[in-house]
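Worksheet for the structure shown next.
This structure is a prediction, so every number in the text was calculated from the model and none was measured. Atoms considered below: every heavy atom in the structure, side chains included; atoms not considered: hydrogens, waters and symmetry mates. The chains referred to below are lettered A, B, ... by the order of the sequence lines, with proteins before strands, and numbering in each begins at 1.
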Amino acid sequence: MADTLRDASAAPPRLPRVDWVAAAPFVALACLLVFGAFVSPSFLSLGNLANVLTRSAFIAIIGVGATFVIASGGIDLSVGSMAAFVASVMILFMNTELGGGGVGTLALGMLLAAGVGSMCGLLNGLVTTVGRIEPFITTLGTMGIFRALTIWLANGGSIAMKSQDLRTLYRPVYFGSVGGVPLPIALILAITAVGAFVLYKTAFGRHLLAVGSSEDVARYSGIPINRVRTVAYVVQGLCVAVAVMVYVPRLGAATATTGLLWELQAITAVVVGGTALRGGVGRVWGTLCGALLLEIVGNIMVLSSFVSEYLIGAVQGTIIIVAMLVQRSLSNRNRA
Amino acid sequence: MADTLRDASAAPPRLPRVDWVAAAPFVALACLLVFGAFVSPSFLSLGNLANVLTRSAFIAIIGVGATFVIASGGIDLSVGSMAAFVASVMILFMNTELGGGGVGTLALGMLLAAGVGSMCGLLNGLVTTVGRIEPFITTLGTMGIFRALTIWLANGGSIAMKSQDLRTLYRPVYFGSVGGVPLPIALILAITAVGAFVLYKTAFGRHLLAVGSSEDVARYSGIPINRVRTVAYVVQGLCVAVAVMVYVPRLGAATATTGLLWELQAITAVVVGGTALRGGVGRVWGTLCGALLLEIVGNIMVLSSFVSEYLIGAVQGTIIIVAMLVQRSLSNRNRA
Amino acid sequence: QTKTVTVAVSIPAADHGWTGGVVFQAERAKALLEARHPGLKIIVKTSPDGASQANALEDLTTQGIDALVTLPQNSDELTDPLRQVKNKGVFVTVVDRALSDPTIQDLYVAGNNPDVGRVAGEYMKGKLPSGQVVVIRGLPIVIDEERQKGFDAAIAGSGLKVLDKQFGNWSRDDAFKVMQDYLAKFPKIDAVWCQDDDMAVGVLEAIKQAKRSDVQFVVGGAGMKDMVKRVADGDAMIPVDVLYPPAMIATAMELTVANFYDQIPVRGRYIMDATLVTKANAKEFYYPDSPF
Amino acid sequence: MTVGATADAVSIERHNPAPVLEARGLAMQFGPVEVLTDIGLELRSGEVHAVIGENGAGKSTLMKLLSGYLAPTRGAIHLNGATVAFRGPVDAEQRGIVLVHQEILLAPDLTVAQNIFMGRELRHGLVLDDRAMNRLAAGAVERLGAAIDPRQTVARLSIAQRQLVQIARALAGRPRVIVLDEPTASLTPHETEALLNIIGELKRDGVAVLYISHRLPEVAAIADVVTVLRDGKHVATLPGGTLTPLDMAHLMVGRDMARLFPPRATPPEATPLLCVKDLSVPGASSDIAFTLRPGEILGFAGLIGAGRTETFEGLLGLRPAQGRVTLAGRATWFRSVRDSLAAGLVYLSEDRKGKGLLLAKPLAVNLTLAALHRFCRGILVSRTREAKGLEDAIARFDIRARRRTMLAGQLSGGNQQKLLLAKMMLREPRVVVIDEPTRGIDIGTKEQIYRLLAELAAAGKAVVVISSEMGELIGLCHRILVMRAGRIVGELAGEAMTERNIAVLATGADVHTSAVAVGA
Ligand SMILES: Nc1ncnc2c1ncn2[C@@H]1O[C@H](COP(=O)(O)OP(=O)(O)OP(=O)(O)O)[C@@H](O)[C@H]1O
Ligand SMILES: Nc1ncnc2c1ncn2[C@@H]1O[C@H](COP(=O)(O)OP(=O)(O)OP(=O)(O)O)[C@@H](O)[C@H]1O
Ligand SMILES: [Mg+2]
Ligand SMILES: [Mg+2]
């Protein structure tokens, strides 16, 4: 016995001091920061960094939800259009001034947004689980649906908040700050923390990972697979709603271009953050890191003057791939 | 031993007469045709059907490649931008009139396109296999790169075929027909047939499916995983090139929006066709069927006049989801 | 007896502010005209890109139409498809974007894109004998290119220096980002040209947030109602707007229909020049009920 | 025979209480094929009821019926006298019946503890109590005589370790009926002994145990009642004590068993074919050195985690490693498995489901995968040749496939192993490395496989056998190398090849090993 103990404990690869896989995205981020500092002096200015972090709020928050969906073995392509749709509904409601046109209206509007968001998520969830349709197709379909509904609500134009007072009342939610920290940044941290807690510390999170890792095993263990999957999509919907609550006060309007390509950005953030698309693993903090990474790349592109505006896309693509290569090489250390 | 044989003969492989899983997409297609006939009288007119089939060529041909990539366990988001890039290069070359400005130029142009296409595919393949980066990210990156290169080549505008003679010489490739059958349709059938042959009848195809269904097993069986994967992407690149050869004579120009969202359509066609995204299975004919389905939905949208222009996206999304539901319910019969 | 005429209208999908305006105006004109002429049937179809517009053109012609009013996504791509329509004996009206082969169009209603850039440039040149401007372009497509060329030509040789050019994708959000970054990058910016009023919204918000006083004004384009209103109200940040009305589609439809019902000759070219909207004339161009 | 059987069955009835779990006339059909016919079985609490039978006899299927994974096409299951129709495995588990699968069913991305507690996590309020779960998991695994870090993700465990985790999970549920489907197949004597002790404890606690194993001595040692299946039919139910492994073998196979091991050919004094020096595999083993002659069968013994599998995966280019190799006198190094295959070395993985077969693909596809070129006409894969190849393989390796169109995953465990063997033999190798060759293989087939390996050796091929069954190493090999903690700690040959010596070297201490793990 004693010997086997020694024996076996000798063999199993002892977990490395630093878990490089988890650390990789942060290292990549650090590299990018350094790179940015070289590219442009104004990059590291407080103002600029604050702007970038604040802007990354939408993708970061949606990314938390995306991490849940992807960890559960699904995917959601509809988040961008969903954001546009939720925003439109929210604004249209607030324009009715129900709730007294003041804080009341705002509160009700946000509640409504949350409701609509989760309903959209529920729709995605039910079609994929009960209807047993590949999530890719389901959410591609709803992507078209939500987008079309937005354009239809807006008559092809834009839906703007009418009341100026309400706007000024609402603006701080994006532009304001608590104790020097811009509100959206605080919110990102809060949401990510909550997300991490739910995924790692609650039974639901554990079941989610189990479902994503092996559906059969989960089923045999008495985990309600369909419910877990569906809830994941609802969580995604809620995150979209929260992102919208921060988005609307910025420009006070929803247009046909609202949320365009957010789905790709969110998924990219998740994957760059170290969550594999096949499910079973979820790295909430990594996703946050991925979202920042994307936003910063864009920022550097504009700040730097040596790239033709035509080629920006190419450089961005390259940077993302390189960032992944950096990660990969780090992760490999775990093998050793 | 003896009784094993007896057992075998006693139980002849009584697969269900119709393999519903494979048949499902075709049934869905049939339903859609009927639906279309109701929506608009002109739908079933030969001219209209010919148009639809002809224009489905791009997605159908690219879809064949996508089936290979997805069956091998990968995914390629770059096909749309790749098409734009290949088209630009091809047109720019043909504008130089090298090769005598006649058939020679066309031939050279097509050769060049094929070359560029496979190179792009090779790039995707190597980055995913050698660089060991999630195909989703790799091809998202190259998607940006190819698109940007196109814009850069076009100086933000568009690249058009200058010589009218060359255009008129080239037009038949899209508009011409052999024995009543429009050339592109003939081409679709040819490419799909070749694709099916390679995937189902050759050693390479067998290896591809093996890699897609279990990388470990494939590796332990001495299959050159990376090579197989890479070749799959090259095939995809070639298919894109062929699609471009049919596309250019149609509009005679490439722009920043050429091939926009083709990647989504191609993947949708593949999935609607019955190929699962997790790999290991590939249904080439199903993909063709999926491509037709998508094109027909679009066509019906234009022919029908009872949907607000704003809502078209919604209806399309719904139709696709319904089509999948039809399939699903059919496939379940196999369970019985 | 009522003469039956079918007119097809093929325009870009409402994927950003201006095209959204186009679709709205088309639908409105459709309602008006059909009410005026019993027997008139107008089919409005939108397409997200050149290829699908070519598809739409095919499908519309197979339905059998007498006239086509189209705002092509891209002239290079759609010249050949339109030629086919023409060859079917259809009366073709082209709006806004000149075809590479003008013989195709019976009627050309042009909202002169290069002029949008030129007018904006001239105004800035006049307002700022010397200064530093930043430019936010739309999407990398032909119209954008034409507007940019016009602008560059207009300010050539003046004291104006273009600090930077970036694409804002005709989206307020992207324009907001780009402007934020411009403000971080350049300590002094005198003026902004952003090609499109939708993007101007984002630009203004970014400036407001940065509390930067060096930026004297923003010139947009297209005549979005909020912007026209600001001009009318004498907003210092939006002193002018360059008109590029989505309503031009309606004009084209009016004329095309007239060609069939009221025996008046309409063939030819109608250039709607890019009017400079100022506090003085703003009232005329303010349509409160338009979504754009 | 059957008469005697019933008579015995009756005698069992007399001095035993009513059964907890009872099967009456159970039948199971997969598509057109009936794989179980009218099976009756009675299980009493505090009793170990062994079910034995050839590969494909229907044991696992029967167990799946009894634990709610499959629903019978005919027949009834009685629990405490009342008829039950399980709504699924979870339902069965809630009624106190739990099955430990023959194949591994664990979530690879989750940790050991997370798997053990899946679906019944411990928590204070909302929050999961991971500390407690890890502690308990560690305990549960240790009880089985192994030490596995409960925070290790399952994907990183070896097959044997995974098997232990599965058993630990089942025991954690405190079942009233526990069904163990070949639990010891991948275990070494040490863990096997620990497990058998636990089964003893369970008996005392009045738990009823259904036990499937191809290791007949184990069965003889612990079974109170033995039920024998053959080709899906009930052959006999007899009291365990009265049966010797040979009787059982006879009942299972239906013919008299010849001696299990073929006569050992004297090792040829040929020059070494394969020569390995200071081979080391990061994380698993270091400075391994051995030589291998043509016609020789070389055994590798060791405890779980000794690193045998990794060593050879490293040698054959399946995982990073360094070292010096000479093959037939020429120095070489295998950068990838393709090199080693090309050089005529094949490796049959111990993980036949994960690394051996495409479970969702038909038999022929699996068979020809590693040697497809041999079934091609030009670039075309010839279906006719494949079909022919499959027939040959089925004949030569006695693979029990009811239908040629079956998927590999539908084969019984043992038959999957035979298919894998057939697949790799198509490479016509010079050196065969076979990891746990008879894991989950019935005794009749074992004999066939041993004969086959001996034939390979006789045909001048060099054979390496990695096995946790000391009996088969001793019976089969010319020499045995024993590994411990990633190093070769000794070589045994001739008379020195005894269980005792192996155990001593493997554990590094003079421990007593029970006779239980000896191959029949
Ligand atoms: N899902 C299935 N579909 C079709 N046939 C099946 C399926 N599962 C098992 N079989 C067949 O049922 C028979 C019994 O299989 P089973 O796994 O019960 O055998 P076993 O006694 O457990 O053999 P082993 O000792 O090798 O595990 C085999 O012939 C097998 O091919
Ligand atoms: N895929 C893997 N990744 C990382 N470590 C592994 C992996 N497989 C096995 N190990 C570790 O390597 C060590 C040796 O593995 P293994 O137990 O297979 O050795 P072995 O001697 O082959 O034992 P056996 O063959 O009896 O299972 C074990 O401690 C195991 O934890
Ligand atoms: Mg079994
Ligand atoms: Mg091993």
Side-chain angles (χ1 to χ4, degrees), chain A residues 39-52 54-56 58 83-84 147-148 150-160 167 171 174-176 182 247 249-262 295 298-305 307-313, chain C residues 11 13-28 46 134-137 139-140 148 163-187 197-199 201-202 204-206 208-211 224-226 246 289-292:
Chain A
V39 165
S40 144
S42 40
F43 174 71
L44 283 183
S45 73
L46 256 182
N48 184 55
L49 286 182
N51 282 343
V52 177
T54 313
R55 282 180 337 208
S56 68
F58 315 132
R147 178 66 59 192
T150 312
I151 297 176
W152 177 69
L153 286 175
N155 274 313
S158 64
I159 304 179
R167 278 209 63 183
R171 265 185 112 256
Y174 183 87
F175 294 100
Y247 170 81
R250 185 166 86 176
L251 299 181
T255 69
T257 55
T258 298
L260 212 58
L261 295 185
W262 280 7
E295 202 58 54
N299 177 248
I300 292 179
M301 285 304 103
V302 181
L303 291 188
S304 70
S305 319
V307 191
S308 141
E309 71 257 38
Y310 296 135
L311 283 177
I312 281 185
Chain C
I11 49 183
D15 49 18
H16 66 274
W18 191 79
T19 46
V22 172
V23 180
F24 173 83
Q25 295 293 354
E27 297 281 4
R28 199 172 68 160
T46 65
V134 289
V135 175
I136 300 181
R137 309 180 55 166
L139 282 166
Q148 191 59 48
L163 291 171
D164 203 342
K165 281 186 273 180
Q166 296 291 346
F167 285 103
N169 309 326
W170 281 318
S171 145
R172 320 171 168 216
D173 298 300
D174 297 357
F176 176 83
K177 283 189 192 181
V178 174
M179 193 59 208
Q180 267 193 334
D181 295 344
Y182 279 162
L183 290 166
K185 184 177 177 183
F186 305 110
D197 288 338
D198 227 2
M199 297 197 287
V201 176
L204 291 170
E205 202 60 57
K208 182 173 170 191
Q209 177 212 11
K211 305 196 179 57
M224 184 169 122
K225 65 177 186 223
D226 326 20
D289 59 339
S290 156
F292 178 68

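- Proximity to chain A is limited to the side chain of C:Asp164, based on heavy atoms less than 4.5 angstrom apart.
- Here C:Asp174 pairs with nothing under the salt bridge (charged side-chain N to carboxylate O under 4.0 Å, His left out) rule; sequence neighbours left out.
- Put simply, the side chain of A:Thr257 does not reach to within 4.5 Å of the side chain of C:Trp170, judged on heavy atoms.
- Within the 4.5 angstrom heavy-atom criterion, only side-chain atoms of A:Thr255, from C-beta onward, approach chain C.
- For a residue to count as touching a neighbouring chain, one of its non-hydrogen atoms must lie under 4.5 Å from one of that chain's; by this rule A:Phe58 does not touch chain C.
- Using a 4.5 Å cut-off between heavy atoms, A:Ser304 contacts chain C through its backbone alone, with no side-chain atom that close.
- In this structure, OG1 on A:Thr54 lies 7.5 Å from CD on C:Gln180, to the nearest 0.5 angstrom.
- At a 4.5 Å heavy-atom cutoff, the contact between A:Arg250 and chain C is made by backbone and side-chain atoms alike.
- With chain A as partner, the option from C:Thr46, C:Leu183, C:Asp173, C:Val23 having the largest number of non-hydrogen pairs under 4.5 angstrom is C:Asp173.
- Of all the listed residues (C:Glu205, C:Gln166, C:Lys165), the one sharing the greatest number of non-hydrogen pairs under 4.5 Å with chain A is C:Glu205.
- In terms of heavy atoms, A:Ser42 sits closest to C:Ala184 at CB-O, 3.3 Å.
- Residue A:Phe43 does not touch chain C at all, counting heavy-atom pairs closer than 4.5 Å.
- The candidate from A:Leu260, A:Asn299, A:Ile159, A:Ile151 with the greatest count of non-hydrogen atom pairs under 4.5 Å with chain C is A:Asn299.
- Interatomic distance, CG of C:Asp181 versus CZ of A:Arg55, reported as 4.0 Å (0.5 Å rounding).
- Judged as a side chain to side chain donor-acceptor pair (under 3.5 Å), and not counting sequence neighbours, the contacts of C:Lys177 are A:Glu295.
- In this structure, A:Phe175 and C:Phe176 have perpendicular ring planes: the angle between them is above 60°, well past the 30° mark.
- C:Gly202 and A:Leu251 get closest at one heavy-atom pair: CA-CD2, 4.1 Å.
- In this structure, A:Ser158 OG and C:Arg172 CZ are separated by 4.0 Å, a value rounded to the nearest 0.5 Å.
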